[in-house]
Visitor: 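Take this structure, written in structure tokens, and hold onto it; I'll ask about it next.
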There are 2 protein chains.
Amino acid sequence: MSETPDGVFVGSDHDHGNCVSTALDSAAAVCQRRGVRLTPLRRQVLELVWQSHQPIGAYAVLDALQANRRDDAPDGRTSAVAPPTVYRALEFLLGQRLIHRIESLNAYIGCVHPGARHAALFLICNGCGSAAELESATLLTAIDNAAADAGFAIERVAVEVAGQCPDCQGAVDVA
Amino acid sequence: MSETPDGVFVGSDHDHGNCVSTALDSAAAVCQRRGVRLTPLRRQVLELVWQSHQPIGAYAVLDALQANRRDDAPDGRTSAVAPPTVYRALEFLLGQRLIHRIESLNAYIGCVHPGARHAALFLICNGCGSAAELESATLLTAIDNAAADAGFAIERVAVEVAGQCPDCQGAVDVA
DNA sequence: GGCATAATGCAATATTATAACATAACATAA
DNA sequence: TTATGTTATGTTATAATATTGCATTATGCC
Ligand SMILES: [Zn+2]
Ligand SMILES: [Zn+2]
Ligand SMILES: [Zn+2]
Ligand SMILES: [Zn+2]
């Protein structure tokens, strides 16, 4: 009776290269439209954030950036990438609504509605680390109503639900 | 038309001593019932977390603990309190559901339903730093439904809404 | 008291994030 | 085209948050 049509969690089989290229293309379009610059660094960071459907920490991005530069350098000689470099790029991407920050993990994940102002619900698997971004009109209405009742003016909303995704529950069942 | 009967945000006038003593008494009862120990340290940390209705960081608790000890010491000579001391006490209090962690602030706040297993919604004021803990059946149902649709087994829920409380909106309006 | 367990003390270190200032890249107008 | 202002990045240092590992002390039970 339970249905997971395509599943909000992507399978291990899906064409992830497509996820990445779509995200990069959308980001370029959004930035173009807004007259802001998706510089090579920012684009690289966005690509790294999209390297999987698992939220990635700033320092993991930093390490990956570093590795990329070593690969690109003619002889492997490169200066180290420093934290502010990464944090500034992440801040830019957050500001343009191209990524989300997962507060409970101090980590970042690509946004599936790039550029759109919206409040999302995240399902975060404690088993495999994957996260799925959902929208629920009912949920947002409930939050709006609760805030309105309290006379509270909403600025930002974070809804983060941790647990086990369908695959990881299956793995446990088998054991 | 908008109503804030007593207001989910406590006023500056309320009897906060009562908040604290109620919280400490409830905590003692909960721990008694469960056969776990609300040691002097844990009790002190709980009291510090309840010192205001603003989420407090672990290191602020640490500093306050330190100050308390200096006051209590006969001559002011005391050893420093180390981070693990505070984090362990906070972990205990979280485990007993006597406090909540606000993920978006890396901070902690007293629970208004001590000991009860529940998912709360927090309204967090960016103006004054106060936070209000609410329950919304509609909201929790919406989250449960979204998770169920995805075949996701919930373990923990964090709903954190940042914005401006009624008082802080007023302050802006006046300006 | 002797023993097991739980709690705390303590030192070191890991992880996450920001401040402050210098340089480089880019745009545009004299 | 150089001058100039602006935005982006580099660089160094440090702040803020959190954990690991082991030693010591307190507590409860026999
Ligand atoms: Zn993908
Ligand atoms: Zn999973
Ligand atoms: Zn109070
Ligand atoms: Zn306020």
Side-chain angles (χ1 to χ4, degrees), chain A residues 27-28 31-32 34-46 48-49 55-66 68-70 72-73 77-96 98-109 129 158, chain B residues 27-28 31-32 34-46 48-49 54-66 68-70 72-73 77-96 98-109 129:
Chain A
C31 291
Q32 171 90 26
R34 292 185 183 153
V36 296
R37 293 164 51 199
L38 185 63
T39 63
L41 172 66
R42 291 165 174 174
R43 194 187 142 92
Q44 254 187 105
V45 170
L46 180 58
L48 287 168
V49 169
I56 185 175
Y59 279 74
V61 171
L62 194 158
D63 290 346
L65 250 185
Q66 201 109 272
N68 282 358
R69 291 200 180 177
R70 266 195 302 278
D72 293 352
R77 290 197 33 66
T78 38
S79 61
V81 179
T85 299
V86 170
Y87 280 101
R88 284 189 289 226
L90 291 172
E91 192 177 13
F92 170 84
L93 297 171
L94 284 170
Q96 300 304 321
L98 298 172
I99 62 175
H100 291 280
R101 175 179 160 87
I102 305 296
E103 299 290 350
S104 55
L105 296 177
N106 297 328
Y108 305 82
I109 192 167
Chain B
C31 290
Q32 171 90 26
R34 292 185 183 154
V36 297
R37 293 164 54 199
L38 186 63
T39 63
L41 173 66
R42 290 166 175 175
R43 194 186 142 91
Q44 255 186 104
V45 170
L46 180 59
L48 287 167
V49 169
Q54 307 176 353
I56 185 175
Y59 279 73
V61 170
L62 193 157
D63 291 346
L65 252 186
Q66 201 111 272
N68 283 359
R69 291 198 181 180
R70 267 195 301 277
D72 294 352
R77 290 197 34 64
T78 38
S79 62
V81 180
T85 298
V86 171
Y87 280 101
R88 283 188 292 226
L90 291 171
E91 191 178 16
F92 170 83
L93 297 170
L94 284 170
Q96 299 304 319
L98 298 172
I99 63 175
H100 290 279
R101 175 178 161 87
I102 305 295
E103 299 291 350
S104 55
L105 297 177
N106 296 329
Y108 304 82
I109 192 167

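Reminder, nothing fancy here: chain letters follow the sequence lines and each chain counts from 1. Only heavy atoms go into these numbers, but all of them, side chains included; no hydrogens, no water, no symmetry mates.
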Visitor: Side chain of Tyr59(B), base of dA15(D): donor and acceptor closer than 3.5 Å?
Guide: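 No, no donor-acceptor pair under 3.5 Å.
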
Visitor: Quiz question: going by heavy-atom distance under 3.5 Å, is there a donor-acceptor pair between the base of dA19(C) and the side chain of Tyr87(A)?
Guide: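 Absent.
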
Visitor: Report the distance from atom CG of Leu62(B) to atom P of dT19(D), rounded to the nearest whole Å.
Guide: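 After rounding, the gap between these two atoms is 14 Å.
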
Visitor: Separation of Leu41(A) atom CG from dT23(C) atom C1', in whole Å?
Guide: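 Distance, rounded to whole Å: 15 Å.
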
Visitor: So, taking the atom named CG in Leu93(B) and the one named NE2 in His100(B), what distance separates them when rounded to the nearest 0.5 Å?
Guide: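 One gets 12.0 Å once the value is rounded to the nearest 0.5 Å.
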
Visitor: Taking atom types as they are modelled, is there a donor-acceptor pair under 3.5 Å from the base of dG9(C) to the side chain of Arg88(B)?
Guide: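 Indeed there is one.
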
Visitor: Under 4.0 Å between a side-chain N or O of Arg101(A) and OP1 or OP2 of dT16(C)?
Guide: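 For dT16(C), OP1/OP2 do not have a side-chain N/O of Arg101(A) under 4.0 Å.
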
Visitor: Taking five pairs at each end of the helix from dG1(C)-dC30(D) to dA30(C)-dT1(D), what angle separates the two helix axes (nearest 10°)?
Guide: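 The end axes of the helix from dG1(C)-dC30(D) to dA30(C)-dT1(D) are about 10° apart, to the nearest 10°.
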
Visitor: Determine, stepwise, if the pair Asp63(A) / Val81(A) fulfils side chain to side chain contact (heavy atoms under 4.5 Å, CB included).
Guide: CA-CA 8 Å; Asp63(A) 290 346; Val81(A) 179; over 6 Å; no

Visitor: Using a 4.0 Å heavy-atom cut-off, does Arg43(A) contact any base of the nucleic acid, only the sugar-phosphate backbone, or nothing at all?
Guide: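 The residue Arg43(A) makes no contact with any strand.
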
Visitor: Leu90(A) has an atom CG; how far is it from atom P of dT16(C), in whole Å?
Guide: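 Going from Leu90(A) (CG) to dT16(C) (P), I get 13 Å.
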
Visitor: Can you check side chain to side chain contact (heavy atoms under 4.5 Å, CB included) on Arg101(B) and Ile109(B), steps first, answer last?
Guide: CA-CA 6 Å; Arg101(B) 175 178 161 87; Ile109(B) 192 167; over 6 Å; no

Visitor: Within the structure provided, determine whether Thr85(A) and Leu62(A) are in side-chain contact (heavy-atom separation under 4.5 Å).
Guide: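 Thr85(A) does not reach Leu62(A) side chain to side chain.
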
Visitor: Rounded to whole Å, please give me the gap between CG in Leu93(A) and C1' in dT9(D).
Guide: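 These atoms are roughly 15 Å apart.
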
Visitor: Which nucleotide wins on minimum distance to the side chain of Arg37(A), given the candidates dA7(C), dA18(D), dC26(C)?
Guide: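 Ranking dA7(C), dA18(D), dC26(C) by closest atom to the Arg37(A) side chain puts dC26(C) first.
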
Visitor: What is the distance, to the nearest angstrom, from the CD1 atom on Ile102(A) to the P atom on dA17(C)?
Guide: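 Going from Ile102(A) (CD1) to dA17(C) (P), I get 13 Å.
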
Visitor: Compare all side-chain heavy atoms of Phe92(A) with those of Val36(A) and state whether any distance is below 4.5 angstrom.
Guide: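 They are in side-chain contact.
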
Visitor: In this structure, how many angstroms lie between the C1' atom of dA18(D) and the CD atom of Glu91(B), rounded?
Guide: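 Result: 11 Å.
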
Visitor: Output yes when at least one side-chain N/O atom of Arg69(B) is less than 4.0 Å from OP1 or OP2 of dG9(C), else no.
Guide: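 It does, given that an N or O in the side chain of Arg69(B) lies less than 4.0 Å from OP1 or OP2 of dG9(C).
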
Visitor: Please classify the nucleic acid contact of Thr85(A) as base, sugar-phosphate, or nothing, using heavy-atom distances under 4.0 Å.
Guide: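 If one applies the 4.0 Å heavy-atom cut-off, Thr85(A) turns out to touch a base.
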
Visitor: Within less than 4.0 Å of OP1 or OP2 of dT8(C), is there a side-chain N or O belonging to Thr39(B)?
Guide: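 Looking at the OP1 and OP2 atoms of dT8(C), one of them is under 4.0 Å from a side-chain N or O of Thr39(B).
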
Visitor: Looking at OG1 of Thr39(A) and CG of Leu46(A), how far apart are the two atoms once the value is rounded to the nearest 0.5 Å?
Guide: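 It is 10.5 Å, given to the nearest 0.5 Å.
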
Visitor: Select one nucleotide: of dT18(C), dC10(C), dT7(D), the one nearest the side-chain heavy atoms of Ala82(B).
Guide: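 Looking only at side-chain atoms, Ala82(B) lies closest to dC10(C).
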
Visitor: Distance from Leu38(B) atom CG to Gln44(B) atom CD, nearest 0.5 Å?
Guide: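 Reported to 0.5 Å precision, the distance equals 11.0 Å.
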
Visitor: Any idea which heavy atoms bring Ile56(B) and Leu48(B) closest together, and the distance?
Guide: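 Minimum heavy-atom separation between Ile56(B) and Leu48(B): CD1-O, 4.1 Å.
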
Visitor: What integer distance in Å separates Leu38(A):CG from dT7(D):C1'?
Guide: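 Atom CG in Leu38(A) sits about 15 Å away from atom C1' in dT7(D).
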
Visitor: Rounded to the nearest Å, what distance is computed from the CD1 atom of residue Ile56(B) to the P atom of nucleotide dA16(D)?
Guide: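 From Ile56(B) CD1 to dA16(D) P: 15 Å.
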
Visitor: Can you tell which of dA19(C), dA11(C), dA8(D) lies closest to the side chain of Arg42(A)?
Guide: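 From the listed options, dA8(D) comes nearest.
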
Visitor: Can you figure out which of dA17(C), dT7(D), dA19(C) approaches the side chain of Asn106(A) most closely?
Guide: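 Selected nucleotide: dA17(C).
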
Visitor: Name the closest nucleotide to the Pro84(B) side chain, picking from dA8(D), dA17(C), dC10(C).
Guide: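 Nucleotide nearest to Pro84(B)'s side chain: dC10(C).
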
